[in-house]
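In what follows, a single structure is set out as C-alpha cells and then discussed.
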Amino acid sequence: PWFIGEYGANGQPASVIESDLQSMRRTASRGVGFKGAGIFQFQTAYEKGGSEMNFGLFSLGEEISKTGEVCDDAAPCAVWPVRCLDVELPWLEGTAGDRAAAVAAAWGGAVPRDSPGACKTRPSTSTTEGFSSPGLPTTTTAAATRATTARRSGSHGPAMPGGRGPGGQPSAMPPLSPMRGIAYGALPCTEHACGGQGLPSEDMPQAGYAVQWGPEGRDDLGVMRALGAN
C-alpha cells in the first residue's frame, strides 16, 4: 500500500487541484493499493519565505489570541501570537489562490463560514463565506461556489467543526478511506525566519498550541474536517 504524503500543486489553478484530488480519491476507492493523499499544507509557511509560501491553504490575518508556552529541545519556551485564518493568498495569480475552496470542492466539504478562527469577512470582498479576501474580486470562483453549495445543502458527508453535522446534530467520524489528509505545521509566524526572533517549537501537538488546533481556540482540526479531511 502507498499514498501521496505531500500533494503540493505548486502554482496550479483551482480546477487542476480539484480534478487531481478527485482522481486520487477515485483511484484509492478501487482498492488497488493506493490509499489516497495528503494536501501540502494547511497554513502558509511564512517562516520559510520564497516559493515555500505557495503551498498553504490559508494565510494569517490579525492577532486573535496567544499560544500557551511552547518549547522543545531546540526552541526556548515562549508565547506567540495566534492569528485568524484567511483564504486570501495574494502572491498567487488567478485561481491558484483559491486553494482551500478547491480542496473543499474535491472532497465534498466546505470552507466553514462560522469557524472561530476565521478572519472577519469584509463586505463585498469575500470569495468564501466566513473567510476574508480583500484583494480578490467579488465574483466567486467555480470551486468556491461548489464548496459553499455543498455546505448549504448538507448533501455531503464531512462534519462541521466541533463534531456537528447539518442541523447541529452530533456527527460520526467520516470514513477513513480513501485517505484525505492535510499536512500541518502551522508555526505562528508572519515573516521570513519569524522576523529574526528564532523559530518557535515545531512540536505542534503540545498543549501550548491547543489554542490554534483545538475546539476552544482557532479550531484548525475542525476546519480540516469541514474541508473534507478524514
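These numbers come from a predicted model, not from an experiment.
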Output a table of donor-acceptor pairs, distance under 3.5 Å, between side-chain atoms of residues 47-59 and any protein atom two or more places apart or on a different chain; print 'none' if there are none.
{"unit_1": "Asn54", "atom_1": "ND2", "unit_2": "Asn10", "atom_2": "OD1", "d": "3.0"}
{"unit_1": "Ser59", "atom_1": "OG", "unit_2": "Asp86", "atom_2": "O", "d": "3.3"}
{"unit_1": "Ser59", "atom_1": "OG", "unit_2": "Glu88", "atom_2": "O", "d": "2.6"}

Exercise for the section: Would you check, one step at a time, whether the test side chain to side chain contact (heavy atoms under 4.5 Å, CB included) holds for Trp2 with Phe34? Expected result: CA-CA 5 Å; Trp2 65 283; Phe34 176 58; 3.6 Å; yes

Exercise for the section: Dump the intermediate steps for side chain to side chain contact (heavy atoms under 4.5 Å, CB included) on Leu60 and Thr44, then the final yes or no. Expected result: CA-CA 8 Å; Leu60 295 178; Thr44 297; over 6 Å; no

Exercise for the section: Begin with the C-alpha distance, continue with both residues' side-chain angles, and end with the deciding distance and a verdict on side chain to side chain contact (heavy atoms under 4.5 Å, CB included) for Phe42 and Val223. Expected result: CA-CA 10 Å; Phe42 183 78; Val223 171; 4.0 Å; yes

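Asp20 CG to Arg25 CZ: the interatomic distance, rounded to the nearest 0.5 Å, is 14.5 Å. From Thr95, atom OG1 reaches atom CD of Glu18 across 10.5 Å, with rounding to the nearest 0.5 Å. Remark: Ile17 CD1 to Asp98 CG distance equals 8.5 Å, nearest 0.5 Å.
Annotation: side-chain hydrogen bond (donor to acceptor under 3.5 Å, both in side chains) contacts of Arg99 (sequence neighbours excluded): none. Every side-chain hydrogen bond (donor to acceptor under 3.5 Å, both in side chains) that Tyr184 has, sequence neighbours left out, goes to Asp220. By the salt bridge (charged side-chain N to carboxylate O under 4.0 Å, His left out) test, Glu69 is found to be paired with no residue, residues two or more places apart in sequence or in another chain being considered.
The closest side-chain heavy-atom distance from Pro76 to Cys71 is not below 4.5 Å.
Taking each heavy atom of Trp107 and Gly181 in turn, the nearest pair found is CH2-O, 3.3 Å. Minimum interatomic distance between Ser115 and Arg218 (heavy atoms only, all atoms of both residues): OG-O, 3.8 Å. Listed here is the closest heavy atom pair of Ala96 and Gly11: CB-O, 4.0 Å. Considering all non-hydrogen atoms of both residues, Tyr46 and Cys189 come closest at CD1-O, 3.2 Å. Here the closest heavy-atom approach between residue Pro200 and residue Cys194 is recorded as CD-SG, 3.6 Å. Heavy atoms only, all atoms of each residue included: Val87 and Ala100 are closest at CG1-CB, 4.4 Å.
Within the 3.5 Å criterion, the main-chain N or O of Leu187 finds a donor-acceptor partner in the side chain of Gln43. Checked by atom type and distance alone, the side chain of Asn230 pairs as donor or acceptor with a backbone atom of Arg180 at under 3.5 Å. Side-chain atoms of Thr27 come within 3.5 Å of backbone atoms of Ser23 as a donor-acceptor pair (strictly under, hydrogens ignored).
Grouping Ile, Leu, Val, Met, Phe, Trp and Tyr by side-chain contacts under 4.5 Å, direct or through others, puts Ile64 with Val82, Val211.
Residue pairs meeting the side-chain hydrogen bond (donor to acceptor under 3.5 Å, both in side chains) criterion with at least one partner in residues 185-212, sequence neighbours excluded, are Asp72-Ser201, Ser201-Gln206.
Hydrophobic clustering (side-chain heavy atoms under 4.5 Å, transitive across Ile, Leu, Val, Met, Phe, Trp, Tyr) groups Trp213 together with Ile182. Tracing side-chain contacts under 4.5 Å through hydrophobic residues (I, L, V, M, F, W, Y), one never reaches Met179 starting from Leu21; they form parts of separate clusters. When hydrophobic clusters are built by joining Ile, Leu, Val, Met, Phe, Trp and Tyr residues whose side-chain heavy atoms come closer than 4.5 Å, directly or via intermediates, Leu227 is grouped together with Leu221.
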